[in-house]
Amino acid sequence: MKNISKGVKKILTNEAFLFIIGQYFAYGLQFVNAIIIAKVLGPYAFGIYGFVFLLINYVRFLNPGVHYAVNVELATHDRSNKKEATQIAANGLLISVMSVIFLASISIVLYFGKFQIFAKYEFNKYLLVTTLIGIALVLNLFFTNVYRSYAKFYQILCYLILPQLFLLITLFISPQQDKVSNLLYGFLFGHLISVVFFLIKYPLKLDLQFSLEIQKKLIKRGLSLLLYNASFYFIMISSRTIVSIYFDVEKLGLYSFANSVAQASILILGVVGYIFFPKILNRLKSGLSDEETIKILGKIRKLYLSTSYILVFLVVILYTILMVIMSEYRTSEMAFLFLVLMQLFLAKVFGYSHLLIARGYETKIAIYALITVGINVTLSLVLIYLFNIDFTGVAICTFISISFYVYSVVKKGKSILNEDIKVIALLKQLLPIRFFVPLVILILERLLLRTYLSSFLPIIILLVLNFKEIKNTILSFIDVFSNDNAAKF
């Protein structure tokens, strides 16, 4: 009993565990915000709101990947060399500031030139606040990657919570007219406070430095990582972009709502991946034997994938409940099903994508992702023009396109480790029977029955077939988070 009590105490005082709890709170707040905002605004205004955030998602890639490069460089360099770390971060910050100036310049030209852009979404009235959010976002992305490299999670947690908290406060105190603008300014205020917090507790000497050698290195690696990260996100947002162009504002609102709920499961899983990303890179870099790497990779993936299946099934039940109280979004249900299955399938690359980055193959991942974007856009546009598909059809196209990306990344990862890369062997790993059976039942149930109670059947089957895996997953989490240095190396 004393050992159990001691283990629980260790977990509850572990910084990584507390960060995960805090981040779950932040994502829970984000999810609640999305639901309430969708309900308050309705499909049309939520479509405008979703379009603005679609543009904000594009702004995050304005920086030439330097924040990603800084994270990887700090995670893999000699930890005792503080001077080198400061130089890396200072040069990265300078490039980020230059990116911010570039963004501000474009917005000034658009604003004073009175150019009408994205008139369908009345975007000109949101140009200023969107630009300011973009500026704060670029800076915060840089700071979070520095803090992340040093496993300093509390400031990152403030950044994750504050914008969502002020968004919620603004939702309730702002007048009904021009609700979208008020929400955006509330979101901006949270981001600006986060910048201040990051500056106060910065773990290195805060400086701007210019070293051509370091900046060339950061930009070169950053562009590869940006290509990887941007192309990955472009898979996600290319579909929203197509819906925003070829369908009306209300349809974008419906699609945005389905996408927001579908991403809930991956946001929860992303917490664990976010914390341990630097450590996983450190453990998987060259130097380990293939046998050791396969063992580490197997443990990481087993923990992550078992959790992903359970969460996706729970999110499906949650969406069924939401449709009872938000009937105006009911036509988005089938799009949601394929979007959430897409998130589940994407989880399959976890571990293998880390391996490829650690071994310097991030450009390969980027190429796979860009091809996937091309497949998705081409397939969606062809079906829109030939068969006049609706936004659910776009979601199906995205799900089909993602299959290429997942297959390619896993196959490449296995080839590096000299594992079996035959199609049948890969499919067995990607869709094990114990998960495939309840998944098929879930899809058939949602297509044919669509009732609240029937949603529990695939969950029960999932629990029965995976009882041992679930038990081992829980024990693994306890083991990881009872270690004070779980996220450090």
Side-chain angles (χ1 to χ4, degrees), residues 33-34 37-62 99-100 102-138 167 170-171 174-188 191 230 233-260 328-329 331-332 335 373 376-378 380-385 388-395 397-398:
N33 281 343
I37 291 171
K39 182 67 177 175
V40 170
L41 295 182
Y44 181 82
F46 191 66
I48 293 176
Y49 178 85
F51 179 76
V52 172
F53 274 89
L54 174 63
L55 293 182
I56 291 171
N57 280 330
Y58 279 109
V59 169
R60 70 188 298 128
F61 303 116
L62 179 66
S99 300
V100 162
F102 176 70
L103 173 62
S105 301
I106 292 175
S107 296
I108 289 171
V109 171
L110 291 174
Y111 183 79
F112 288 103
K114 299 189 182 301
F115 294 99
Q116 290 295 320
I117 54 174
F118 308 122
K120 182 168 73 171
Y121 295 97
E122 308 168 36
F123 181 69
N124 276 49
K125 65 192 292 189
Y126 308 115
L127 175 61
L128 176 61
V129 66
T130 303
T131 302
L132 293 174
I133 291 173
I135 290 171
L137 179 63
V138 169
L167 196 59
T170 306
L171 182 63
S174 65
Q176 190 61 39
Q177 58 269 29
D178 206 8
K179 201 84 168 176
V180 173
S181 286
N182 294 331
L183 289 171
L184 291 173
Y185 277 107
F187 189 70
L188 169 64
H191 269 283
Y233 277 103
F234 282 153
I235 297 173
M236 302 292 99
I237 64 178
S238 61
S239 299
R240 288 171 60 193
T241 304
I242 290 171
V243 173
S244 72
I245 294 172
Y246 291 94
F247 299 91
D248 59 38
V249 178
E250 186 171 329
K251 292 290 174 58
L252 178 61
L254 293 168
Y255 188 90
S256 297
F257 177 75
N259 189 61
S260 297
E328 63 268 39
Y329 290 92
T331 52
S332 67
V373 172
N376 184 39
V377 172
T378 302
S380 297
L381 293 181
V382 167
L383 294 181
I384 286 172
Y385 282 112
N388 197 30
I389 61 171
D390 62 4
F391 63 89
T392 298
V394 175
C397 290
T398 308

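These values consider heavy atoms only, across backbone and side chains, with no hydrogens, waters or symmetry-generated copies.
Between the Tyr44 side chain and the Lys251 main chain, no donor and acceptor come within less than 3.5 Å of each other. For the pair Ser380 (side chain) and Val377 (backbone), a donor-acceptor distance under 3.5 Å is absent. Proximity of a side-chain donor or acceptor of Ser244 to a complementary backbone N or O of Thr241 within less than 3.5 Å is detected. Arg240 places no side-chain N or O within donor-acceptor distance of the main-chain N or O of Leu252, the cut-off being under 3.5 Å.
Phe51 has its side chain out of reach of Val249: every pair of non-hydrogen atoms, C-beta onward, lies at least 4.5 Å apart. Considering only heavy atoms from C-beta on, Phe46 stays 4.5 Å or farther from Val180 through its side chain.
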Practice task
Go through Ile384 and Val394 one step at a time and tell me if the side-chain contact (heavy atoms from CB on, under 4.5 Å) criterion holds.
Solution key: CA-CA 8 Å; Ile384 286 172; Val394 175; 4.3 Å; yes
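Side-chain contact check for Ser238 and Asn376: at least one donor-acceptor pair (N or O, by modelled atom type) lies under 3.5 Å. Inspection of the Asp178 and Ser181 side chains reveals an N or O donor paired with an N or O acceptor under 3.5 Å.
Applying the side chain to side chain donor-acceptor pair (under 3.5 Å) test to every pair with at least one member in residues 120-134, sequence neighbours left out, gives these pairs: Ser107-Thr131.
Between Phe187 and His191, the ring planes are perpendicular. Angles over 60° get that label, and only those under 30° would be called parallel.
In this structure, Tyr58 places its OH atom where more than 12 heavy-atom neighbours from other residues, nucleotides or ligands lie under 6.0 Å away.
Applying the ring pair (Phe, Tyr, Trp, His ring centres under 6.0 Å) criterion to Tyr385, with sequence neighbours excluded, gives Tyr246.
Nearest heavy-atom pair across Tyr255 and Ser239 is OH-CB, 3.2 Å.
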